[in-house]
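Comments concern the structure below.
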Amino acid sequence: MKIAVFVSGGGTNLQNIIDAVEEGTLPNVEISMVMADRDCYAIERSLDKDIRTYVLDRKTFSEDAEHNLEGEEIDLIVLAGFLTILTPEFTSKWGSKMINIHPALLPKFGGKGMYGAKVHQAVLEAGEKTSGATVHYVTAGVDEGQIICQGTFEIEAGDEVADLQRKVAEVESKIYIQAIKQISEA
Ligand code: GRF
């Protein structure tokens with residue numbers, strides 16, 4: 001299975017995928033390319049492994065990405081900390097072959113503007129007892145696509161945004177690899 005990974009940030013999820021491929025946890029998976037919508041650390045992780053890497057303009061990302069994907073026979077697009085909202089044309093073409101990971105338990109705490117620390121802040125303010133991460137297919141509605149899997153953890157008294165970030169990252173490192181593996185074996 002050939003995958004393209006879209007990134008905007010630190011690239012911890014990208015690194016998890018790279019490691020899983022190298023360690024043989026994802027034996028059927030090849031990372032064909034990485035596309036970033038801004039200058040970010042994820043690009044360094046990608047270049048470090050000699051993966052074909054593109055940095056695209058946010059305003060024309062969907063069109064430019066589509067161009068780069070032409071003729072590449074990509075089986076799955078993996079959004080890994082990717083922040084640009086893709087065009088409806090792009091999501092309708094790729095939606096059944098495109099997944100995202102969200103740092104909370106959807107359908108709650110999702111949607112436009114819900115990313116990074118804001119998500120964890122909202123979870124804490126709502127007084128939730130648990131949080132987690134969700135892997136889902138991507139549709140035009142932000143964070144509204146079909147859920148593939150979730151991982152959860154308990155929120156403990158005194159937990160702050162940084163604690164939730166750390167616990168979510170741990171859950172994400174497991175469930176994103178599981179979801180990609182499951183799709184690669186289907
Ligand atoms: C995670 O919170 C993930 O859920 C969200 O982006 C964050 C990770 O970014 N979509 P990265 O993989 O470190 O770039």
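Computed from a predicted model, the values in this text were never measured in an experiment. Whatever order the structure lists ligands and atoms in, that order sets their numbers, starting from 1. Side chains included, hydrogens not; waters and symmetry mates left out as well; all remaining heavy atoms used. Starting from 1, each residue takes its place in the sequence as its number.
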query = Going by heavy atoms in the side chains, are D159 and K167 under 4.5 Å from each other?
reply = yes
Tell me, which protein residue and heavy-atom name are nearest [atom], and how many Å apart are they?
{"atom": "atom 10 (N) of ligand 1", "value": "I101 O, 3.0 Å"}
{"atom": "atom 13 (O) of ligand 1", "value": "T12 OG1, 2.4 Å"}
{"atom": "atom 12 (O) of ligand 1", "value": "N13 N, 2.9 Å"}
{"atom": "atom 6 (O) of ligand 1", "value": "G81 CA, 3.2 Å"}
{"atom": "atom 2 (O) of ligand 1", "value": "P103 CB, 3.4 Å"}
{"atom": "atom 3 (C) of ligand 1", "value": "E172 OE2, 3.1 Å"}

Proximity flag G11 to ligand 1, non-hydrogen atoms under 4.0 Å =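 A heavy atom of G11 does come that close to ligand 1.
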| said: Could you check whether any heavy atom of V168 sits closer than 4.0 Å to an atom of ligand 1, since that is the contact criterion I want to use? | reply: no
Note: I175 and G151 closest approach over all heavy atoms is CD1-N, 3.7 Å
Between [X] and [Y] (side chain of the first, backbone of the second, donor and acceptor by atom type, cut-off under 3.5 Å), is there such a pair?
{"X": "T84", "Y": "L86", "value": "no"}
{"X": "Q150", "Y": "L106", "value": "yes"}
{"X": "S46", "Y": "E44", "value": "no"}

Output for pair (E125 CD, E128 CD), nearest 0.5 Å, gives 12.0 Å
### Task
Using a 4.0 Å heavy-atom threshold (strictly under), name the region of Q165 that reaches ligand 1: side chain, backbone, both or neither.
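Under 4.0 Å from ligand 1, Q165 contributes no heavy atoms.
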Under 4.0 Å from any heavy atom of [X], which atoms of ligand 1 are there?
{"X": "G9", "result": "14 (O)"}
{"X": "G10", "result": "13 (O), 14 (O)"}
{"X": "H102", "result": "4 (O)"}

Next item on the list: Please check if any side-chain donor atom of S173 sits under 3.5 Å from a side-chain acceptor atom of N16, or the reverse.
Entry: no
Parallel, tilted or perpendicular: ring planes of F61 versus F82, cut at 30 and 60 degrees: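 The arrangement is tilted - the two ring planes meet at 30° to 60°.
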